[in-house]
Every structure is written in structure tokens, then in C-alpha cells.
Amino acid sequence: MDFLELAGKRILIFGVANRKSVAYQAGKVLEEAGAEVIYIVRSETRKESLKSLLKQAPIYVCDVERQQEIDQLHSEISQKYDAIHGLVHSIAFADYSAGWLPFHQTPRSAFLQAVDISCFSLIALSNAFSKLIEPEQGSVVTVSISTTRMAAENYGYMAPVKAALDSSVCFLSKSFSNFSKVRFNAVCPGLLKTSASAGIPGYVDSYLFAEKATLRKEAVQTKEVADTIAFLMSPRSSGITSQGIVIDAGMGTNYFDREIVAEDT
């Protein structure tokens, strides 16, 4: 039974790094639902390293910092496929090589690069594929975070970058509504155990605290995020657009959990 009505739908997925990636898990869920998944990765080196993991799925290369590579990708995809039905944007990058710095000391170059890769790339890709995304049931989903209002010092400038991404979802929804019914949404997970998050200074301690703060005392799983992405790709979610779906296992309502409070009293 094709409950999600995804059988035969063609989905582009950007951002697979390894099997822990949200993008990889989303691809597996979509494939299980019958979708045809096309993966796009940053480099030829990454493509070679993922061939065995992604098996027979098509893999293309595109560095989203380079507009010419976005244009080339569009050309390659449009020559082979007459339409795509969805796009998953799971791309984020922050240069923490300078170590932990107070927010007001954020390096200009690092901030602007993070905006370019983590936020503007969604706009650039949406523009590039605007005429190829199926106009009646097309869906675009990006990966944000559960809140951009909690000033976690170790996450630093990536929270404002994700806030820009959240806002871009709304503006893309409005912009595309002038000529299509393509939907734009974000999944907004709490702290996840991924390779990318491991590069954030002090992340493990934050992750362990977040796990305690969930209502179920269990961290959000990457598969749970992937399941939500699949739903938002599906026509079953046709009434949801311009939204950020928070997946935090109740953490946002549980900051005064008595067990956590008791530890500090």
C-alpha cells in the first residue's frame, strides 16, 4: 500500500556525508516508500566514498558555493529527467577552526561562508530547479534546528544562520506561490548524533543535557527526522507549507524538569 503516495516520485537529496547523515537516512526512508532518489554530494572524492553505501542510486556532484556547478547540475538533471517531485536540502557548514570565540568576535569570513553554504544554497538551488520541480505537488524540505532563540554559546553564529534559513523558507514559499503550488518547509530537530555535529565544540555535553531534557529521556533519533522529511515530501502533507516542524521530543516544554533542577540544587 502506497500510503505516502511517493511511489515513482523523483527526489533530489543534497548533503549526504556518511550513513549518520540526516540526508542519508531520509534517502533510505524515501526509497523504502517507493521514491526514486537522486543524491547530490559536494565533491568527486565524496562521491567515490559513498558509492558502496548508496549502491545503485545515481550520484551527482555539486559544490553549492559555486554557481557554475549549480548551473551544470541543473543542466545534467534536466537533460535526463523531465521533472522532479521534491528536493531535500540538508547542507550546513561552519568553520570552527578558530576555536570557540564569543559571538561578538565571530570572523566575518566564517559567518558569510556559513550563510552562503547553509542558507543561500537553498535559494540558489530552488531558483535553478524552479521550472523542473513538479508545479502541482512539488515539495522542498530543508534541515534547520529546533530553536534559533536559545543562545547556546558553543553553537555560536550558526543559530543566526539557521534563523535566516527559516525565514528563507517563508519567502520561497511566497515567491513560488506566484506560479506554482510547490511547498517549502523545514524540519527542525533537537540535538542529533551526527558526524557534522561532532565538530561543534562541546557538543557532546550539550547532547547529553538535551537527552535529559526531553520528556521521554531519550534523544531525538536521525531516523525520526528522516520520517518527518518523507511525510513533508508526500502529498499527504499537502496542507503544510511555509512551516518549521520541530522534532525535539518535547525538550522545548521541559526546561524545568524536576530531575534536572534537582541536580543543581
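For reference, positions follow the sequence shown, starting with 1.
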| If you measure from OG on S49 to CG on N18, what distance do you get to the nearest 0.5 Å? | 8.5 Å
| request: Using a 4.5 Å cut-off on heavy atoms from C-beta on, say whether the side chain of L192 contacts that of Y207. | output: no
| remark: Note: M233 and S139 closest approach over all heavy atoms is CE-O, 3.2 Å
| SG of C62 to CD1 of I70: how many Å apart, nearest 0.5 Å? | 5.0 Å
| Exam field: side chain Q25 to backbone R19, donor-acceptor pair closer than 3.5 Å | yes
| Residues, nucleotides or ligands: over 12 heavy atoms within 6.0 Å of K47 NZ | yes
| Side chain proximity check, I38 to I13, heavy atoms < 4.5 angstrom | no
| task | Quick one: which residue pairs count as a salt bridge (Lys or Arg N to Asp or Glu O under 4.0 Å) with a foot in residues 126-147, not counting sequence neighbours? | result | E136-K181
| request: Measure from the side-chain N and O atoms of E31 to the backbone N and O of V29, and report whether any donor-acceptor pair falls under 3.5 Å. | output: no
| said: Show every side-chain hydrogen bond (donor to acceptor under 3.5 Å, both in side chains) that has at least one partner inside residues 115-127, sequence neighbours left out. | reply: H89-S121
| said: My understanding is that only residues two or more places apart in sequence, or in another chain, count here; which of them pass salt bridge (charged side-chain N to carboxylate O under 4.0 Å, His left out) with E69? | reply: R66
| query | Hey, is the main chain of L4 close enough, under 3.5 Å, to the side chain of S234 for a donor-acceptor pair? | reply | yes
| query | ring pair (Phe, Tyr, Trp, His ring centres under 6.0 Å): which pairs involve residues 162-182, sequence neighbours left out? | reply | F176-F179, F176-F184
| remark: Residues pairing under salt bridge (Lys or Arg N to Asp or Glu O under 4.0 Å) where one sits in residues 78-105, two or more places apart or in two chains, turn out to be R10-D82
| task | Mark yes or no for whether R183, through its side chain, and G138, through its backbone, hold a donor-acceptor pair below 3.5 Å. | result | no
| query | side-chain hydrogen bond (donor to acceptor under 3.5 Å, both in side chains) with S90: which residues, sequence neighbours excluded? | reply | none
| task | Report yes if the side chains of L12 and V88 come closer than 4.5 Å at any heavy-atom pair, otherwise no. | result | no
| task | Using the side chain to side chain contact (heavy atoms under 4.5 Å, CB included) rule, take V182 and L172 through it: C-alpha gap first, then chi angles, then the decisive distance, then the call. | result | CA-CA 9 Å; V182 175; L172 285 166; over 6 Å; no
| Sequence neighbours excluded, every pair satisfying ring pair (Phe, Tyr, Trp, His ring centres under 6.0 Å) that has a member inside residues 48-86 | H74-F129
Pairs under 3.5 angstrom only: tabulate donor-acceptor contacts from the side chains of residues 220-232 to other protein residues two or more places apart or in another chain.
unit_1: Q221; atom_1: NE2; unit_2: A219; atom_2: O; d: 3.0
unit_1: K223; atom_1: NZ; unit_2: D227; atom_2: OD1; d: 3.0
unit_1: K223; atom_1: NZ; unit_2: D227; atom_2: OD2; d: 3.3
unit_1: E224; atom_1: OE1; unit_2: R216; atom_2: NH2; d: 2.8
unit_1: E224; atom_1: OE1; unit_2: Q221; atom_2: N; d: 2.8
unit_1: E224; atom_1: OE2; unit_2: R216; atom_2: NH1; d: 2.9
unit_1: E224; atom_1: OE2; unit_2: R216; atom_2: NH2; d: 3.2
unit_1: T228; atom_1: OG1; unit_2: E224; atom_2: O; d: 3.0

| Student check: side-chain heavy atoms of M158 and Y96 closer than 4.5 Å | yes
| query | Does Q79 have any side-chain hydrogen bond (donor to acceptor under 3.5 Å, both in side chains) partners at least two apart in sequence or in another chain, and if so, which? | reply | S75
| salt bridge (Lys or Arg N to Asp or Glu O under 4.0 Å): pairs with one or both residues in residues 143-152, sequence neighbours excluded | none
| query | How would you list all residue pairs meeting side-chain hydrogen bond (donor to acceptor under 3.5 Å, both in side chains) that involve residues 249-261, not counting sequence neighbours? | reply | K217-D257, N254-D257
| What residue pairs, at least two apart or across chains, pass salt bridge (Lys or Arg N to Asp or Glu O under 4.0 Å) with a residue in residues 233-248? | E5-R236
| field | L122 side chain reached by V169 side chain, heavy atoms, under 4.5 Å | value | yes
| query | Does the side chain of L101 reach to within under 4.5 Å of the side chain of T106, using non-hydrogen atoms? | reply | no
| query | Which atom names give the shortest non-hydrogen contact between G27 and Y39, and what distance separates them? | reply | CA-OH, 3.4 Å
